[in-house]
Amino acid sequence: MDEASRDCHLLHVDMDAFYASVMVRERPDLWQVPVVVGGGQRGVVLSANYLARQYGVRSAMPMTRARRACPQAVVVAPDFEVLDTVSSSVMETFRRITPLVEVVSLDEAFLDVSGATRRLGSPLEIAERLRAVVHDEQGVTCSVGIAASVAVAKLASRRAKPDGVVVVPPHRVTGFLHPLDVGELWGVGEKTAAHLHRLGLHTVGDVAHLPLRTLQRAVGQALGSQLHDLAWGTDRTTLTPRRGDQEPDRSMGADETFARDTDDRETILREVLRLSARVATRMRQAQVAGRTVTLRVRFADFTTITRSRTLPEATDVTREVHQVASRLYDGLGLQRARIRLVGVRVEGLVPRATVHRQGLLGERDHGWSDADRAVDRATRRFGAAAVRPASLLG
DNA sequence: TCTGGGGTCCTAGGACCC
DNA sequence: TCTGGGGTCCTAGGACCC
């Protein structure tokens with residue numbers, strides 16, 4: 001192994017068009033057909049296979065636009081049970097190579113293979129072997145970026161797509177990074193990219209050569225120093241070995257876009273109740289409670305507002321979450337505003353066991369907490385349809 | 001019939017406290 | 001009688017990521 005590749009031991013593995021590939025694998029009739037994975041009339045594209053992409057279909061594109069771009073595409077709803085299963089198997093494959101695996105999402109992971117090279121060969125050889133195994137075992141392809149830092153490895157995997165490997169050794173990092181568009185950098189989305197373009201900054205090299213203070217004035221302190229580091233490949237972010245869902249959540253929420261915009265208070269508040277129940281149930285399952293309840297409302301014109309209230313003590317009680325959320329809604333004093341989406345989120349989550357509500361929870365409220373637990377038990381035994389608030393019946 | 005749903009983090013202003 | 005300087009919490013909005 002040469003000097004350069006010894007420091008180059010971080011792999012970013014990205015499954016190619018994961019949702020689409022897995023759904024096609026389940027449906028052999030869709031092989032060689034443009035396929036778009038997405039759902040609902042008002043949804044967006046979750047994934048599209050490469051045939052559909054030839055027509056300009058992209059992830060996160062509104063389904064309506066995708067259908068227009070590629071009318072012959074077959075639209076498939078995602079099956080998360082299958083996707084979860086395939087994803088877990090792939091991640092297990094990675095762990096056979098190294099325990100140092102950071103799962104980013106269903107279709108992405110970082111691997112530190114520095115401890116595996118003696119056994120399995122160079123990082124490049126490991127990457128090729130891993131790709132072959134994933135393909136043989138799961139019937140889907142992936143791409144791998146290899147570098148000395150996670151940020152560069154991630155950019156390299158994008159360059160490797162589809163079904164390839166790209167190695168960026170340390171002495172080639174700036175040469176690799178600087179020609180890229182600023183929008184490629186982690187943390188630069190549509191808005192920031194447009195902002196930087198307006199300032200005459202088009203490539204990563206442009207950003208790299210801007211004085212740090214100037215950059216920070218333009219995009220804010222935190223993002224400014226982050227971009228500066230990313231542009232020079234000096235980002236120090238390290239790989240944290242973990243599975244997808246090991247970190248305790250800081251917040252839990254649920255939101256829902258109505259099939260059609262509505263200004264009907266009853267409809268909206270019924271949805272707020274459903275969402276509150278869903279969130280509180282998940283909190284109880286995870287044995288956490290939270291203090292801040294946030295209501296989110298998106299209007300027909302897509303403007304979105306939030307209103308939040310922080311309670312004196314953390315709660316996981318459906319009725320409390322719902323009460324706060326619906327008061328926040330009424331506090332908006334909306335008249336005939338047409339609403340597209342409502343959401344309920346609880347923040348400031350702490351382990352339930354650390355919450356001691358001395359005297360704050362009166363007898364009646366204890367009753368509601370007990371009622372929740374009874375509902376949870378019934379739901380576990382008989383399913384979600386069996387038990388629900390009276391106002392959600394019918 | 002443009003634009004989901006799950007999250008995270010940052011910024012900025014005001015309140016409040018020392 | 002003229003106005004400091006932090007730190008933390010709360011709220012609202014915005015951007016971003018998968």
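A note on names: the letters A, B, ... follow the listed sequences, proteins ahead of strands, and every chain is numbered from 1.
Here C/dG13 sits opposite B/dC10 as a Watson-Crick or G-U wobble pair (both hydrogen-bonding atom distances under 3.5 Å).
Summarising the geometry, the separation between CZ on A/Arg67 and P on B/dT3 is reported as 11 Å, rounded to the nearest angstrom. At whole-Å resolution of the value, CD in A/Glu184 and C1' in C/dC17 are 15 Å apart. Counting to the nearest Å, the C1' atom of C/dA15 and the CG atom of A/Leu227 are 12 Å from each other. The CG atom of A/Leu341 sits 12 Å away from the P atom of B/dT3 (whole-angstrom rounding). One can place CD of A/Gln226 at 12 Å from C1' of B/dT8, the figure rounded to the nearest angstrom. Note: CZ (A/Arg345) to C1' (B/dG5) measures 9 Å, nearest angstrom. What separates CG of A/Leu106 from P of C/dC17 is a distance of 18 Å, to the nearest Å. If you measure from atom CG of A/Asp16 to atom C1' of C/dC18, you get 16 Å, rounded to the nearest angstrom.
Using a 4.0 Å heavy-atom criterion, one finds that A/Gly343 contacts no nucleic acid atom at all. Counting non-hydrogen atoms under 4.0 angstrom, A/Arg307 reaches the backbone sugars and phosphates but no base.
Side-chain contact of A/Ser149 with A/Asp235: a donor-acceptor pair under 3.5 Å is absent, judged by distance alone.
Considering CG of A/Leu215 and NE2 of A/His228, their distance stands at 8.0 Å, rounded to 0.5 Å.
For A/Ser105, the side-chain atoms get nearest to C/dC18 when compared with the rest of C/dC16, B/dG6, C/dC18. If you check B/dT8, B/dG5, B/dG6 against the side chain of A/Arg278, the one that comes closest is B/dG6.
The shortest distance between the side-chain N/O atoms of A/Arg68 and the OP1/OP2 oxygens of B/dC2 is not below 4.0 Å.
The two residues A/Val173 and A/Gly233 have their closest heavy-atom pair at CG1-CA, 3.9 Å. Residues A/Ala254 and A/Val279 share a closest heavy-atom pair of N-CG2, 3.6 Å.
Base orientation of C/dC2: anti, since the glycosidic angle falls outside 90° of 0.
Residues of residues 291-305 of chain A having a heavy atom closer than 4.0 Å to DNA chain C, listed by number: A/Arg291, A/Ile305.
Remark on DNA chain B: of its neighbouring residues A/Met61 and A/Asp255, the 5'-side contact belongs to A/Met61, judged by nearest-heavy-atom nucleotide. Comparing A/Ser308 and A/Lys191 by the nucleotide of DNA chain C that holds the closest heavy atom to each, the one mapping nearer the 5' end is A/Ser308.
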Within the sub-3.5 Å range, which N or O atoms of nucleotides 9-13 of chain B have a protein N or O partner, and how far apart are they?
from   : atom 1 : to       : atom 2 : distance (Å)
B/dC9  : OP2    : A/Arg250 : NE     : 3.1
B/dT11 : OP1    : A/Gln221 : N      : 3.2
B/dT11 : OP1    : A/Ala222 : N      : 3.0

